[in-house]
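One structure is given here, and the rest of the page talks about it.
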Amino acid sequence: MKNKLKDFLREDISDIKEYEILDAEGMIKLDAMENPFDIDLKFEIESISKNKVNINRYPDGACKNLTKKLRKDHNLKDNFNILVGNGSDELIQILCMAFSKKGNTVLCPQPTFSMYKSISNLVGLKFKTVPLENDFSLNINEMLNNIKQTNPALIFLAYPNNPTANLWDRNNIKKIIENTNGLVVIDEAYSAFSGDSFLNDIDKYENLAVMKTFSKVGLAGLRLGYLIAENSLIKEFNKIRLPFNVNTISQKIAELALDNKDYLDEQSLEIISFRESLLDQMMRIEEIEVYNSSTNFILFKIKKGSADDIFNKLLKDKILIKNMSNTESLEDCLRVTVGTEKENNLFIQSLKNALN
Ligand code: PMP
């Protein structure tokens, strides 16, 4: 890049590391918490007739039909509304932009989903973390101390957490909500696999918002997430999103998916049963420490040897998982997404070979 042009760029951009996505061509893809099943024809683009989707027109920016179905699905009361985003990544960005007032802080436990930090930094928010306990539970005293000290504008709590795959004590989360002036966003990206949610609590706290996504339940390619919060909050966030942030085809397919919700729910249940069987098999491997999971992925630690080594050996077998070993406090850890039975068996076989 010419220096003159470089002079105009924000200085901090050159220090940002790109979000790394490895090439998955020809791989058994167990790195990104996707649903491994092919989606039935009724959700596919071909099934959307030209008459129903006018792609010559801009999308409905308010996603009216989709939010109507979501409202019904979640049995939302009139004082709550839904903001749909281009994936929940975009909602995190909208939330951070909305709260990016000089001096404001975002607070998160650590380790957690990396986008909370990168987006906070990008929009100029201060970012504070409280390390999780060794068993990945919340250090509630430290969280409360930090809330007192920094008065955070936003707290993101992934429930269950990525990458540790566990749920936190509900009472501790309630303590956090009750003791902060800021907005607590419960990110329920993996709730289909945990069976737990804070949606029934949004009525009790005016500083609680719940975020969900279609990505983990079979529709990652659509890029659709949504935030549920009290009307006046959604009204403000709506002003920040781009006018047509969610495309027409994604909206339509998500509506079809909601009309056939049982189909996707059954797949999630199947993934839960695969997870249990995978956990069971992994726990019998002595050379690794396996952490329990309430999600569609499993975090594990290589007890002897190097996680990089095992990761690379799996790659040679065309199995792509996620190497977490460069994440603070997750040295020697790897993360595998639950795949189909066949994929899981190939993974187990390859892992055992790699460890020998
Ligand atoms: N929240 C959590 C906790 C996640 O793990 C992820 C994706 N890995 C997201 C949000 C982003 O999901 P989406 O595909 O909806 O942007």
Side-chain angles (χ1 to χ4, degrees), residues 19-22 24 29-36 39 63 66 70 82-97 106-120 122 129 132 136 138 154-168 173 184-194 196-198 209-228 237 241-242 245-247 250-251 253-254 257-258 264 268 271 275 291 293-299 320-324 327 330 333-338:
Y19 191 89
E20 192 185 34
I21 296 170
L22 297 182
K29 196 170 180 307
L30 302 175
D31 64 328
M33 291 86 124
E34 295 141 334
N35 171 327
I39 296 296
C63 301
L66 178 57
L70 286 169
I82 296 177
L83 172 68
V84 186
N86 198 322
S88 30
D89 284 346
E90 191 196 30
L91 296 169
I92 299 167
Q93 191 180 46
I94 289 173
L95 284 159
C96 286
M97 286 196 294
V106 174
L107 177 66
C108 286
Q110 166 64 31
T112 192
F113 182 41
S114 61
M115 293 308 282
Y116 306 141
K117 180 179 182 185
S118 42
I119 296 175
S120 298
L122 203 64
T129 55
L132 292 174
F136 300 142
L138 282 175
L154 256 179
I155 301 176
F156 287 106
L157 297 174
Y159 185 81
N161 189 35
N162 170 16
T164 55
N166 60 319
L167 287 167
W168 291 311
I173 293 186
V184 178
V185 179
I186 307 287
D187 181 347
E188 297 188 352
Y190 301 98
S191 60
F193 314 102
S194 75
D196 201 4
S197 169
F198 271 81
V210 172
M211 189 164 71
K212 293 189 170 279
T213 178
F214 283 84
S215 293
K216 315 299 170 186
V217 293
L219 302 168
L222 293 188
R223 307 303 299 126
L224 266 179
Y226 55 99
L227 183 81
I228 301 172
F237 299 149
R241 71 164 171 79
L242 293 174
N245 59 330
V246 177
N247 74 74
S250 292
Q251 288 186 39
I253 297 181
L258 288 174
L264 292 181
S268 295
I271 291 168
R275 173 191 74 204
Y291 303 101
S293 168
S294 300
T295 62
N296 63 341
F297 59 89
I298 296 169
L299 184 74
L320 179 63
I321 62 170
K322 181 90 175 173
N323 188 351
M324 304 303 302
T327 304
L330 293 183
C333 284
L334 299 168
R335 189 190 70 195
V336 62
T337 302
V338 179

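Order of listing sets the numbers, starting from 1, for every ligand and every atom in it.
With Asn162 contributing its side chain and Phe113 its backbone, the two residues share no donor-acceptor pair below 3.5 Å. A donor-acceptor pair is defined here as one N or O able to donate and one able to accept, closer than 3.5 Å; such a pair exists between the side chain of Arg335 and the backbone of Asp31. A donor-acceptor contact shorter than 3.5 Å links the side chain of Asn166 to the backbone of Phe136. Between the side chain of Gln251 and the main chain of Val246, a donor-acceptor pair closer than 3.5 Å is present. Remark: side-chain polar atoms of Ser294 are not paired, donor with acceptor, to backbone N or O of Ser194 under 3.5 angstrom.
Electrostatic pairing of Glu34 and Lys29 counts as a salt bridge here, judged by a charged N lying under 4.0 Å from a carboxylate O.
For atom 5 (O) of ligand 1, the nearest non-hydrogen atom from the set Tyr226, Tyr190, Phe156 belongs to Tyr190. Nearest to atom 15 (O) of ligand 1 by heavy-atom distance, out of Thr213, Thr295, Asp89, is Thr213. The option from Gln93, Glu90, Lys216, Glu34 that lies nearest to atom 7 (C) of ligand 1, judged by heavy atoms, is Lys216.
Which parts of ligand 1 touch Gly87 is read off a 4.0 Å heavy-atom cut-off, strictly below it: atoms 15 (O), 16 (O). If you number the atoms of ligand 1 from 1 as listed, the ones under 4.0 Å from a heavy atom of Ser215 come out as 13 (P), 14 (O), 15 (O).
Residue contacts with ligand 1, taken as heavy atom pairs separated by less than 4.0 Å, involve Ala189 solely via side-chain atoms from C-beta onward.
Smallest separation of non-hydrogen atoms from Cys96 and Phe156: SG-CE1, 4.1 Å.
For the ligand labelled ligand 1, residue Arg223 lies inside the 4.0 Å heavy-atom shell.
From the protein, the heavy atom lying nearest to atom 12 (O) of ligand 1 is Ser88 OG, 3.2 Å. At the shortest separation from atom 6 (C) of ligand 1 among protein heavy atoms lies Phe113 CZ, 3.4 Å. The nearest protein atom to atom 3 (C) of ligand 1, hydrogens excluded, is given as Asp187 OD2, 3.4 Å; this is a heavy-atom distance.
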